[in-house]
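In listed order, ligands and their atoms are each counted from 1. Residues: numbered from 1 along the sequence shown.
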Amino acid sequence: MSKPRAGLALVAAALVALAGCGAGDPRPVWHTPAVAGATMTTAPGVGAPGLGDPYYPNAGNGGYDVAHYDIAVSYDPDSHRITARAAIRATALTPLSRFNLDLRGLTVRSATVAGKPAATSRAGDELTLTPAEPLPAGTVFETIIEYGGKPSTYGGPGQAGGEGFVQHDGGAIALGQPESAAAWFPCNDHPADKATYDIKLTVPGDLAALSNGVLRSRTAKGGRTTWEWATTSPMATYLATAVIGDYRVRTGTHDGLPVITAVADGLPTTMDDAMARTPEVLDFLEERFGPYPFDALGGIVHDNANLRFALETQTRPVYVSSFFLGPKPSVTVVAHELAHQWFGDSVSVRDWRDIWLNESYATYAGWLWVEHEFKRPLATSFTTAYETAAEEVWTTPPADPGRENMFSDSVYDRGAMTLYALRQTVGAETFDRITREWADKNKDGNVSTADYIAHAEQVSGRQLDDLFQAWLYGRTRPAKP
Ligand SMILES: [Zn+2]
């Protein structure tokens with residue numbers, strides 16, 4: 001997720017004017033756990049209703065590992081209702097007499113597990129399935145759920161919009177972090193369980209239906225068109241998106257990668273020009289981070305006033321249009337979201353507590369881009385962040401900010417400052433090696449802060465406890481490196 005910062009002063013000012021929000025990126029502080037107070041205790045053979053994330057204990061579910069989602073959603077823009085089917089292939093990690101999926105609202109019409117009808121029950125955002133016969137540990141099984149209704153958004157009282165399946169006149173956008181996926185498909189809604197995806201979106205023939213990955217086909221039938229998308233690298237649930245509405249869609253290739261960008265009709269063509277710079281930004285980041293980890297590329301600019309942030313949805317980030325105002329929009333936010341393709345998307349957190357691992361590198365990439373395009377030295381970006389940081393940045397440890405501070409300046413700015421401090425300590429060349437080898441060895445995986453510290457020490461051959469203790473866990477301002 002992205003919020004404009006100092007290097008984006010002009011854009012930030014525009015966002016303040018437009019969104020009426022100082023950060024230009026409202027932080028989802030109103031989020032609540034999927035099922036508040038639900039117990040983690042389970043009987044033998046029963047998959048836990050959560051994965052025990054320290055911040056979102058009920059997010060995701062225990063007992064199985066999803067390999068693939070095949071999701072088909074037919075959407076009506078007038079009623080904003082969907083008719084959908086999800087086929088989920090998973091492996092039982094323990095013997096399972098019943099297990100949960102996450103699903104917010106919507107009506108389940110039928111469910112089968114391993115080819116036989118399964119009983120279902122609902123409690124909050126938990127959908128419990130009881131297979132006809134218990135599943136032995138190690139079983140690869142498919143769950144098929146037919147469902148539908150009007151998808152909802154996450155967000156508390158007083159919030160305009162929110163996250164999830166966010167509607168606007170003539171379309172909708174499925175987007176959000178950390179929660180959004182369960183608003184439109186049943187899933188194991190936590191980044192610890194990544195899977196591949198086929199996403200088929202059927203919409204009226206005059207609308208575009210964009211999603212992640214490669215566009216396999218676009219098939220017209222009876223006035224409606226099905227857009228079939230494939231994500232072949234493992235993806236966390238919150239990185240799955242669906243963007244439906246009137247869009248100008250551009251297709252092309254870059255170094256053999258299919259590139260698809262889209263800008264909402266009615267927005268200025270300067271925004272198409274900004275999206276067209278996506279490959280240029282990718283090339284710049286590849287020089288620093290190593291090979292791009294995915295098989296497709298792109299970006300989507302929307303005009304949905306209820307969504308005021310940018311998100312690193314895998315292969316195809318989604319941006320609110322207010323990032324690209326003016327005659328020659330800055331693409332620093334593109335550098336941020338594309339950096340997440342390495343850090344966050346390919347290399348994912350195991351727990352939300354470690355989100356600094358994502359946002360530090362994305363913020364740092366913004367500093368690198370500002371140095372590249374606007375000749376503002378990296379050291380200046382660091383010093384400005386260091387000297388202008390609010391007191392909360394120093395009292396909030398980025399490596400355990402608390403759920404309410406997951407999207408705080410500490411995670412973003414102090415996170416990036418931590419990387420800069422590491423770079424100053426071990427030298428730029430070693431730091432770049434730490435970065436590239438981290439992305440390479442953890443490609444398509446899940447990581448923790450402890451993993452990062454051990455990796456940095458191993459690559460640099462240095463003892464770095466004091467540095468990381470002060471920058472990641474301290475509650476006072478560390479000395480300038
Ligand atoms: Zn971000």
Side-chain angles (χ1 to χ4, degrees), residues 1-8 11-12 15 19 21 23-29 31 55 163 175-180 191 212 235-241 278 281-282 284-285 288-289 292-294 298-302 307-320 322-324 330-349 351-370 381 385 393 396 398-399 401 403 405-420 435 438-439 447 449 452:
M1 192 176 281
S2 170
K3 60 177 190 172
R5 298 301 301 153
L8 287 165
V11 182
L15 274 162
C21 168
D25 176 19
R27 293 147 203 173
V29 291
H31 282 184
Y55 292 176
E163 302 179 9
L175 196 71
Q177 181 188 18
E179 299 181 301
S180 62
N212 313 86
M235 176 166 76
T237 46
Y238 79 99
L239 297 171
T241 190
T278 296
V281 179
L282 185 84
F284 172 79
L285 294 178
R288 278 121 195 115
F289 300 155
Y292 177 63
F294 302 128
I300 301 165
V301 183
H302 69 78
L307 286 166
R308 298 180 192 140
F309 53 87
L311 191 65
E312 60 268 25
T313 38
Q314 193 156 312
T315 69
R316 196 155 289 113
V318 175
Y319 308 90
V320 63
S322 47
F323 278 106
F324 302 109
S330 161
V331 292
T332 307
V333 66
V334 176
H336 180 110
E337 304 308 338
L338 289 187
H340 275 307
Q341 303 304 309
W342 284 264
F343 309 105
D345 294 11
S346 173
V347 182
S348 302
V349 293
D351 286 330
W352 283 117
R353 182 173 56 198
D354 293 330
I355 189 172
W356 83 276
L357 289 168
N358 304 357
E359 299 303 345
S360 61
Y361 269 109
T363 304
Y364 177 74
W367 293 0
L368 289 174
W369 182 261
V370 164
S381 288
V393 168
T396 306
R403 196 180 75 199
N405 293 317
M406 269 177 62
F407 300 96
S408 69
D409 288 350
S410 172
V411 168
Y412 287 71
D413 295 348
R414 189 168 154 188
M417 284 189 264
T418 301
L419 298 183
Y420 184 82
T435 299
W438 174 250
V447 292
T449 298
Y452 187 81

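Seen from the Zn ion (ligand 1), atom NE2 of His336 and atom NE2 of His340 lie 100° apart in angle, a value rounded to 10°.
Ring geometry, Trp342 versus Tyr292: the interplanar angle exceeds 60°, so the pair is classed perpendicular (tilted spans 30 to 60°).
Within Glu359, the N, O or S atom at minimum distance from the Zn ion (ligand 1) carries the name OE1.
Side-chain contact, Thr332 with Ser330: a donor N or O sits under 3.5 Å from an acceptor N or O.
For Ala236, the side chain to side chain contact (heavy atoms under 4.5 Å, CB included) partners at least two apart in sequence or on another chain are Pro191, Lys194, Tyr238, Leu239. Partners of Ala416 by side chain to side chain contact (heavy atoms under 4.5 Å, CB included), not counting sequence neighbours, listed by chain and number: Thr363, Tyr364, Trp367.
Between the Zn ion (ligand 1) and Met1 there is an N/O/S contact shorter than 2.8 Å.
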